[in-house]
Amino acid sequence: MSQHYNFKDIEQKWRKYWGEVDINPKDDAKPKMYCLDMFPYPSGQGLHVGHWRGYVLSDVISRQKLMQGHRVIHPMGWDAFGLPAENYAIENGVHPTDGLKTSIANFKRQLKDIGAMYDWDLELNTTDPAFYKWTQWIFVKMFERGLAYEKEMPLNWCPSCKVVLANEEAEGGVCERCKQPTTKKNLRQWMLKITEYAERLLVDLDDLAWPEKVKKMQAEWIGKSHGAKIDFAIDGRDEKITVFTTRPDTICGATFIVLAPEHELVQALTTDENREAVERYVKEATTISNIDRMAAKEKTGVFTGAFAVNPADGCHLQVWVADYVLADYGTGAIMCVPAHDERDLEFAEKFGLPVVEVISSEGILINSDQYNGLTCDEAKEAIGADLEKAGVGEKTTNYRLRDWVFSRQRYWGEPIPLIHCHKCGVVAVPEGDLPVELPHVASYKPTDTGESPLAAIEEWVNVPCPKCGDGAKRETNTMPQWAGSSWYFLRYCDVDNTQGLIGEAAKKLLPVDYYVGGVEHAVLHLLYARFYTKFLYDIGVVDFSEPFVRLFNQGMINRANPATGVVEKMAKSKGNGVSPDEILEKYGSDALRMYMLFIGPPELDAEWNDNGIEGVYRFLTKLWRLVHDNLPKLVATTDDHEKLKHKMIRDISSRMDNLALNTAVSGFMEYTNKATQLAKDKGVDKATLEAMVTMLAPFAPHIAEELWLTLGNSETIFKQPWPTFDPSKAVDDTITMVVQINGKLRGDMQVAVDIAKDNAIALAKEVVADKLVGVEIVKEVFVPKKLVNFVVK
RNA sequence: GCGGAUGUGGCGGAACUGGCAGACGCGCUGGACUUAGAAUCCAGUGGGCAACCGUGCAGGUUCGAUUCCUGUCAUCCGCACCA
């Protein structure tokens, strides 16, 4: 194959051309089209071919939209804060930016190999102070509006490394680095009140052109449920226990109460004789990791010695503590109805607590005094109303969504722009003093107090209070990696603006029309970005409240691991990665682009086949030859050529409209084969070749540019409009109709497209005459342009 | 347990609102061209000698089902004691 076509030089040439000539000028008269990739974290690993999938997809969309007359915004940037860079820096005694510079350069080179039409003028980097100034500005605005608050939160803590761990660093309750068991440590954290936006985040999902799966996942994450808060008095005491339930109708079936181990009343309610057991249980439950807590198969718990009074029927109920009740959902306390709740039943059976049925198999209330005979829905109303009247209950809506722990005890993140003053309290850094830049230290070590390494840099920490001028201290926590990615898509459109987050003209380019990326961001990143956008809408920074009109999740690329034979997600670390560099050397970028599309439906996972790319490479050489071989002997356009051309435009365009790009690629193969065949008999015309090459441009831009030139054109092909077709020219005069007997294929016939029913049936009878002998036709089915079916006995 | 997706040749996959199952490609077989190979081109390629049988499995609706309905199995992904 080595002596065969090598498109590498051609590709180099066109990439250079695109670097010099702007094929996508910033023309505000055209309708805008913002097509965005989820920006990468520039890891030292570099890209493997699996990463190409999303980037090629978004590039095909972008290039086609360009040819369809849009002003396309298609930028790329770097999400470069975060743990890997920091850990690398600590281990190697260097600054995080040192490693990142090389990584970014390498990523950029690899992205350029794709031949994507990124507008590198818009490139951004979340670690650039000019960018994170605005990340900090948004935080200040949230702080000023009461959306940011401080709270003690239990964090994963490694007692031997003396460091706070992210959940993914403490998987299985074990420190990732030293493999010692982790514990929880309470530390002061900054929180963002995303819960204030829960309802809007839920309701607005309806209008998004997103995969249903992602919308469901977000809705589930927000977890809205309707129910009631009900107060249970405590026998002989002043305190009351408030429970949350979605089933107030079952209240008369409540046979005990369970508090979460962290519940604030546990200490107070516990009687002396139960104190030792309760304290031991609470201590154990709050120190084991969540993972172990969930993994425990059997229910555990202890009796506090206290009794609660059921407000509906006055019954006395034992109050227990058990870790199957979650402290941070609802009120951290539940009324237990073992007859109608599996978990409560399991607990009741283990500890010998009573079970009282209150709903019959017909769904009618029983054993419930005055509520007997009501349906569940009626009972919910009636009981709810009575409790409300008595002042011991209220209807409520509960969300599973929690506020967002927004601080990290790390160096490599945006400093939270706050100052702690002994007189004025917590003061935001004034806008004019932003950004609060990270002090550039040559190297540093984590602290052993769990604080950020910034806490040790005294000359940075100690500052005058912006309000009173007294000595004060900077907040030393930094923001999570999500902070920059929650709003970066806004900044691309106005990346050099020093006056504001985004200017008026740039706003018109938003929101993002197409957002392409992996489904792993279905919840966190996409939810945070929606939250930020809604906040910025509320304070008038943008005039839309949803950032991403349309979302597309591309599938993963899997590959058999050469060592084990197991098919799994492609990853360099697993050893089943395929480096684009080798593929490019052998086949070129266009072949890899087309293979990534041809490999399967873009939204599904696909399996990499080492030989698969041969097929698209052969197709490209066939098309190359079709053009070159016929160039000296082009013929005048005939009906045959017209028909081929219009059908081709129709088929490929409609497949692209449906994002069925794998079949769009096979369409190119099909029509190239057909055109090659036609060329042999009757030659080929220029218009057909030009249409083919024009449509190929989004897929194989380098080769398309070159062939466009070969066909005698001078300017870039991307100034060409997307070809259109005439439906009347894309139809055949005669077609093959199928003849069936009892729905089974028995013959076919060449007929005029518009053949009349009677004629078709008569002809069909001749075609299958021998099979109709001695049978009775009970029904004749005629489907225009398709078939004739005889139902016989 | 709950939610979602996917099951079609040796393999990846195609089939728009029910209408010729297997497009397109990989692989494989045979042939041409070559001293030979590579590349390219041509022919063939679901199973079965056939009648026929074939879209995970079992039913149903229909003249006709990969497509619609009911049930069921398998694989993958997400969530998971949320009261």
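Every chain is numbered from 1 and lettered A, B, ... according to where its sequence line falls, protein lines coming before strand lines. Computed over heavy atoms, backbone and side chain alike; hydrogens, waters and symmetry mates excluded.
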Side chain of [X] (C-beta onward), nearest among [options]:
X: N789(A); options: C52(B), A14(B), G64(B); result: G64(B)
X: L787(A); options: C63(B), A21(B), G19(B); result: G19(B)
X: K680(A); options: C41(B), A83(B), G19(B); result: C41(B)
X: K744(A); options: C53(B), U6(B), A83(B); result: C53(B)

Side-chain H-bond candidate by donor/acceptor type, N609(A) with Y595(A), under 3.5 Å: no

Polar side chain donor-acceptor pair, S225(A) to N398(A), under 3.5 angstrom: no

Straight-line distance of Q677(A) CD to L626(A) CG, nearest 0.5 Å: 11.5 Å

Could you work out the separation of [N] and [M] based on their [atom1] atoms and round it to a whole Å?
N: U17(B); M: G48(B); atom1: C1'; answer: 35 Å
N: G25(B); M: G46(B); atom1: P; answer: 15 Å
N: A38(B); M: U29(B); atom1: P; answer: 12 Å
N: C41(B); M: U34(B); atom1: C1'; answer: 13 Å
N: U67(B); M: U61(B); atom1: C1'; answer: 14 Å
N: A51(B); M: G56(B); atom1: C1'; answer: 27 Å
N: G59(B); M: A65(B); atom1: P; answer: 14 Å
N: U55(B); M: G37(B); atom1: P; answer: 43 Å

Centroid-centroid distance, Y528(A) to W482(A), less than 6.0 Å: yes

Atom [atom1] of [X] and atom [atom2] of [N]: how far apart are they, to the nearest Å?
X: D249(A); N: A83(B); atom1: CG; atom2: P; answer: 14 Å
X: L661(A); N: G13(B); atom1: CG; atom2: C1'; answer: 15 Å
X: I359(A); N: A83(B); atom1: CD1; atom2: P; answer: 16 Å
X: E607(A); N: U75(B); atom1: CD; atom2: P; answer: 18 Å
X: I741(A); N: G19(B); atom1: CD1; atom2: P; answer: 21 Å
X: N558(A); N: C11(B); atom1: CG; atom2: P; answer: 17 Å
X: K786(A); N: G19(B); atom1: NZ; atom2: P; answer: 7 Å
X: Y587(A); N: A39(B); atom1: OH; atom2: C1'; answer: 13 Å

Toward the 5' end of RNA chain B, by each residue's nearest nucleotide, G743(A) or R402(A): G743(A)

Residue whose closest nucleotide on RNA chain B lies nearer the 5' end, Q740(A) versus K779(A): Q740(A)

[X] side chain near [Y] side chain, heavy-atom distance below 4.5 Å:
X: Q318(A); Y: F351(A); answer: no
X: K215(A); Y: D206(A); answer: no
X: Y671(A); Y: D651(A); answer: yes

Paired stretches of RNA chain B - 3 or more consecutive Watson-Crick or G-U pairs, each distance under 3.5 Å: B:1-7 with B:73-79, B:10-12 with B:24-26, B:27-32 with B:40-45, B:56-60 with B:68-72

Contact letters for nucleotides 23-34 of chain B, in which S counts primed atoms plus P, OP1 and OP2 and B counts the base, heavy atoms under 4.0 Å: BBSSS-------

Flag, side chain of R530(A) to backbone of L201(A), donor-acceptor distance under 3.5 Å: yes

N742(A) side chain vs K744(A) backbone, donor-acceptor pair below 3.5 Å: no

Donor/acceptor link under 3.5 angstrom from K299(A) side chain onto base of C81(B): yes

Parallel, tilted or perpendicular: ring planes of F668(A) versus F619(A), cut at 30 and 60 degrees: tilted

Mutual orientation of the aromatic rings belonging to W320(A) and F303(A) [parallel < 30°, tilted 30-60°, perpendicular > 60°]: tilted

Residues K765(A), E780(A): salt bridge by 4.0 Å N-O rule: yes

Y324(A) six-ring face occupied by K299(A) cation (under 6.0 Å, within 45°): yes

Selection: residues 210-221 of chain A, any non-hydrogen atom under 4.0 Å of RNA chain B: K213(A), K216(A), M217(A), E220(A)

Under-4.0 Å side-chain N/O to phosphate OP1/OP2 contact, Y329(A) with A83(B): yes

Side chain to side chain contact (heavy atoms under 4.5 Å, CB included) between V523(A) and E220(A), intermediate numbers included: CA-CA 10 Å; V523(A) 179; E220(A) 170 80 5; over 6 Å; no

Sugar-phosphate, base or nothing in reach of S654(A), heavy atoms under 4.0 Å: nothing

Anti versus syn assignment for G9(B), with syn defined as within 90° of 0: syn

